[in-house]
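Report on one structure; see the data block that follows.
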There are 2 protein chains.
Amino acid sequence: MTVTVAAAERLMRIGEVARGAGVSVRAVRYYEQQGLLIAERSPSGQRLYRQDAIPLVRFFQEMFAAGLTSRRITELLPCWDAGHTDAGQRAMLRAERERIQAKIDDMQAALDHLDEVIAITDTHP
Amino acid sequence: MTVTVAAAERLMRIGEVARGAGVSVRAVRYYEQQGLLIAERSPSGQRLYRQDAIPLVRFFQEMFAAGLTSRRITELLPCWDAGHTDAGQRAMLRAERERIQAKIDDMQAALDHLDEVIAITDTHP
DNA sequence: CTAAAACCTGACGCTGGCGTCAGAGGCAAG
DNA sequence: CTTGCCTCTGACGCCAGCGTCAGGTTTTAG
């Protein structure tokens, strides 16, 4: 007979999450305020995070770097941690994908232009 | 005997520049305020631009999209329209190039991650 | 037990590329 | 002349992701 025991997951406080993900404590609090990262609370009111908080914060950083806002990320979170996803969310995923791709293309064009300038200034000191 | 005559270049007012480059009039004024785009003035004080103002504004837009600030662009302008370039400026060019490349790599990583999520949500409706 | 380190809740500040409103002057056409 | 569009100079507003200070509680190390 097998008994499923709730694995006493080791909970972290906010500082550990921040250091682990390479962001500031302030940033982690901000994510909670924006509804990105929900934390449990200790009896004294301190935030307690599960292990997956760190990769999650890293994911947020990646999305921020890609130009998504925290609001967009909250709207897309259901696609991420649940299998539950409706047509609207899939459409948003695709739309964001296109926006990122377009931005990459723009930046690549800018890079090519800059490389031209560099080539000129190098051969033409 | 050849005589060089200053070609009476057709000058544009700010609206034409803005429409031609696809930005707002406000944006063009802002570029001047930041020292990016110097305009002559008509006797009544209106800004007058040469033809190359339009590609120049487009270039600014491209650099903004790549994450450069107007200050950086002003610092790099001498490399652009003059052959004059010192070692410091060439170093800055390279530094900006690296920053842009790094940002592109980050965004590509984000895009790949998003594509994974999209693949999951598609095969797992 | 005590001091340091970590955490808490507000709340204001900052940056950058403009948008936008206010109030006043230019400029070609009918 | 006047109508209507363009332009001018300030100057304040905005947004997003935090930084940062204030003033207080909690946890931990020695």
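This is a predicted model, so every value here is computed, not measured. The chains referred to below are lettered A, B, ... by the order of the sequence lines, with proteins before strands, and numbering in each begins at 1.
Relative ring orientation between A/F64 and A/Y31 is described as tilted, the plane-to-plane angle lying within the 30° to 60° band.
Closest non-hydrogen pair, B/R13 versus B/Y49, comes out as C-CD1, 4.2 Å. When all heavy atoms are compared, the tightest approach of A/E16 to A/I54 is O-CD1, 4.1 Å.
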Polar atom pairs (N or O), protein with nucleotides 1-4 of chain D, under 3.5 Å:
none

Nucleotide N/O to protein N/O under 3.5 Å, stretch nucleotides 13-18 of chain D:
residue	atom	partner	partner atom	Å
D/dG17	OP1	A/S70	N	3.4
D/dG17	OP2	A/Y30	OH	3.2
D/dG17	OP2	A/S70	OG	2.9
D/dC18	OP2	A/Y31	OH	2.9

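Distance check: B/K103 NZ to B/E96 CD gives 10.0 Å after rounding to the nearest 0.5 Å. Distance check, rounded to the nearest 0.5 Å: CZ of B/R50 to CE of B/M12 gives 10.0 Å. Taking CZ from A/F59 and CG from A/L36, the interatomic distance works out to 10.0 Å, rounded to the nearest 0.5 Å. Distance CG/A/L111 to CD/B/Q101: 5.5 Å, rounded to 0.5 Å.
Remark: C1' of C/dC18 and CG of B/L37 are 15 Å apart, rounded to the nearest angstrom. With rounding to whole Å, B/E32 atom CD is found 11 Å from D/dC8 atom C1'. Distance, B/R19 CZ to D/dC6 P: 7 Å, rounded to whole Å. Rounded to a whole Å, the CD atom of A/Q33 is 10 Å from the P atom of C/dG10. Separating the CD1 atom of A/I14 from the P atom of C/dT9 is a distance of 9 Å, rounded to the nearest angstrom.
Residue B/S44 places none of its side-chain N or O atoms closer than 4.0 Å to OP1 or OP2 of C/dG25.
Remark: of the listed residues A/D105, A/D112, A/D106, A/D112 is the sole one forming a side-chain hydrogen bond (donor to acceptor under 3.5 Å, both in side chains) with A/Q108.
Considering only heavy atoms from C-beta on, A/L37 comes within 4.5 Å of A/F60 through its side chain.
The stretch residues 45-57 of chain B touches DNA chain D through B/G45, B/Q46, B/R47, each having a heavy atom within less than 4.0 Å of the strand.
Look at B/E75 and B/R72 and you find a salt bridge, because one of the NZ, NE, NH1 or NH2 atoms lies within 4.0 Å of a carboxylate O, short of that distance.
For B/R29, counting side-chain heavy atoms from C-beta on, the closest listed nucleotide (D/dC8, D/dT27, C/dG26) is D/dC8.
Hydrophobic clustering of Ile, Leu, Val, Met, Phe, Trp and Tyr side chains at less than 4.5 Å, counting indirect connections, keeps B/L11 apart from B/V25.
B/R41 comes within 4.0 angstrom of sugar-phosphate atoms only, judged by non-hydrogen atoms across all strands, and of no base.
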